[in-house]
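Working notes, beginning with the structure itself.
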Amino acid sequence: MAEANLDPVFQIQRVYLKDMSLEQPNSPEILLNQEQPGVEIQLGVDARPVADGLFEITVTATVHTKIEEKTVFMVEAKQAGIFEIRNIGNDQMGALLGIACPQIVYPYLRSNVADIIQRAGFPPVHMAEINFQAMYEQQQAEAMMAMPEAPQILV
């Protein structure tokens, strides 16, 4: 009988654009306005198992530009990757799913968002590099703060 291979495995299976939308609800009138729009960018990371040892990591970005209260354009994009992760301890799994995988997927998302904005006729919005480790650690700290304290049993 052959022994099971217990070597750690971390492999990218596929990186893909899962969803993307662009809206210009106030065009063409807003395009005649020469003011510089304000830009708001929101990011999110989601991880979910899809099969034994396979995980989908999705990095989501929403780029919303406005002049005063009117939207110039809004882009919502989801870039995902499928990763094979096996024989990794639970203590390391969170960091892989919350730091390493998003760091691999994010550059594709940045490129696709800049491209769609430029193709829509606007100067590209270059999203900044993200420190996913700091983001992950902040989320972990917030989760710990949100946990109710265990009830104390007095004897």
Side-chain angles (χ1 to χ4, degrees), residues 8-147:
V9 174
F10 178 73
Q11 293 184 42
I12 304 167
Q13 296 294 316
R14 177 168 291 193
V15 176
Y16 57 99
L17 182 62
K18 187 169 184 162
D19 185 24
M20 181 173 276
S21 69
L22 170 86
E23 298 175 26
Q24 294 185 46
N26 295 300
S27 293
E29 295 80 17
I30 197 80
L31 300 174
L32 302 176
N33 192 327
Q34 297 299 313
E35 287 182 56
Q36 194 68 3
V39 178
E40 179 183 314
I41 300 173
Q42 296 176 346
L43 289 174
V45 176
D46 183 49
R48 69 181 187 93
V50 292
D52 183 41
L54 295 177
F55 297 84
E56 179 189 56
I57 308 305
T58 305
V59 182
T60 303
T62 302
V63 179
H64 194 178
T65 60
K66 291 182 180 180
I67 295 176
E68 295 173 12
E69 289 303 310
K70 288 193 169 192
T71 296
V72 178
F73 67 84
M74 185 165 74
V75 172
E76 294 177 316
K78 292 182 180 184
Q79 188 79 38
I82 298 174
F83 296 84
E84 180 180 6
I85 305 172
R86 298 181 189 278
N87 305 322
I88 303 289
N90 288 338
D91 58 326
Q92 296 175 322
M93 187 62 88
L96 275 177
L97 297 175
I99 301 169
C101 295
Q103 282 178 328
I104 292 168
V105 171
Y106 183 68
Y108 294 93
L109 176 68
R110 287 179 69 208
S111 176
N112 283 328
V113 168
D115 186 55
I116 192 82
I117 291 169
Q118 196 167 8
R119 288 176 185 269
F122 299 100
V125 172
H126 295 287
M127 297 188 313
E129 290 291 330
I130 299 296
N131 182 339
F132 283 99
Q133 182 170 350
M135 190 171 149
Y136 176 77
E137 289 171 358
Q138 179 183 355
Q139 289 171 344
Q140 295 301 305
E142 288 172 1
M144 291 298 288
M145 296 294 288
M147 292 177 80

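Residue numbers run from 1 in the order of the sequence given.
When all heavy atoms of Leu109 and Ala61 are compared, the pair lying nearest together is CD2-CB, 3.7 Å. The nearest pair of heavy atoms linking Leu31 to Gln34 is O-NE2, 4.5 Å. Contact record, Val72 with Pro37: CG2-CB, 3.9 Å, taken as the closest heavy-atom pair. Residue Ala114 comes nearest to Pro124 through the heavy atom pair O-CB, 3.8 Å, listed as atom of the first residue, atom of the second, then distance. In plain terms, the two heavy atoms of Ala95 and Tyr136 that are nearest each other are N-OH, 3.6 Å. Scanning both residues, Gly81 and Val105, for their nearest heavy atoms gives N-CG2, 4.0 Å.
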Report task. Assess whether side chain to side chain contact (heavy atoms under 4.5 Å, CB included) is satisfied between Asn112 and Met20, documenting all intermediate values. Result -> CA-CA 9 Å; Asn112 283 328; Met20 181 173 276; 3.7 Å; yes

**Report entry** Steps toward salt bridge (Lys or Arg N to Asp or Glu O under 4.0 Å) verdict (Glu40, Lys66)
**Finding:** CA-CA 9 Å; Glu40 179 183 314; Lys66 291 182 180 180; 5.9 Å; no

Query - Criterion side chain to side chain contact (heavy atoms under 4.5 Å, CB included) on Thr71 and Glu23, from CA distance to verdict - result: CA-CA 9 Å; Thr71 296; Glu23 298 175 26; over 6 Å; no

Query - CA sep, side-chain torsions, deciding dist, call: Val125, Val39, side chain to side chain contact (heavy atoms under 4.5 Å, CB included) - result: CA-CA 9 Å; Val125 172; Val39 178; 4.3 Å; yes

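Residues Tyr106 and Leu43 are in side-chain contact: their nearest non-hydrogen atoms beyond the backbone lie under 4.5 Å apart. No side-chain heavy atom of Phe122 sits less than 4.5 Å from a side-chain heavy atom of Ile116. Within the 4.5 Å cutoff, the side chain of Val63 has no heavy atoms near those of the Met74 side chain. The closest side-chain heavy-atom distance from Ile104 to Phe83 is below 4.5 Å. Within the 4.5 Å cutoff, side-chain heavy atoms of Ile85 are placed close to those of Met93. Side-chain atoms of Pro49 and Leu54, non-hydrogen and from C-beta on, never get closer than 4.5 Å to each other. Contact check for Val59 versus Ile130: no side-chain heavy atoms found under the 4.5 Å cut-off. You'll find the side chain of Val45 reaches within 4.5 Å of the side chain of Phe132, heavy atoms only.
At least one donor-acceptor pair under 3.5 Å links the side chain of Gln79 to the backbone N or O of Tyr16. Not one N or O on the side chain of Asp115 forms a donor-acceptor pair closer than 3.5 Å with the backbone of Ser111. Side-chain atoms of Arg110 come within 3.5 Å of backbone atoms of Met127 as a donor-acceptor pair (strictly under, hydrogens ignored). Not a single donor-acceptor pair under 3.5 Å links the side chain of Asn26 to the backbone N or O of Lys70. Under the 3.5 Å distance criterion, the side-chain polar atoms of Arg86 are matched with a main-chain donor or acceptor of Asp52. Under a 3.5 Å cut-off, the side chain of Thr65 and the backbone N or O of Phe73 do form a donor-acceptor pair.
Atoms CD and CD, on Glu129 and Gln103 in that order, are 9.5 Å from each other to the nearest 0.5 Å. Separating the CD1 atom in Ile12 from the CD1 atom in Ile57 is a distance of 11.5 Å, to the nearest 0.5 Å. The line from CD1 of Ile99 to CD of Gln133 is 4.5 Å long, rounded to the nearest 0.5 Å. Glu76 contributes atom CD, which lies 9.0 Å from atom OG1 of Thr60 (distance to the nearest 0.5 angstrom). Within the model, atoms NZ of Lys18 and NZ of Lys78 stand 6.5 Å from one another, a figure rounded to the nearest 0.5 Å.
Annotation: Glu35, atom CD; neighbour count of heavy atoms from other residues, nucleotides and ligands within 6.0 Å is above 12.
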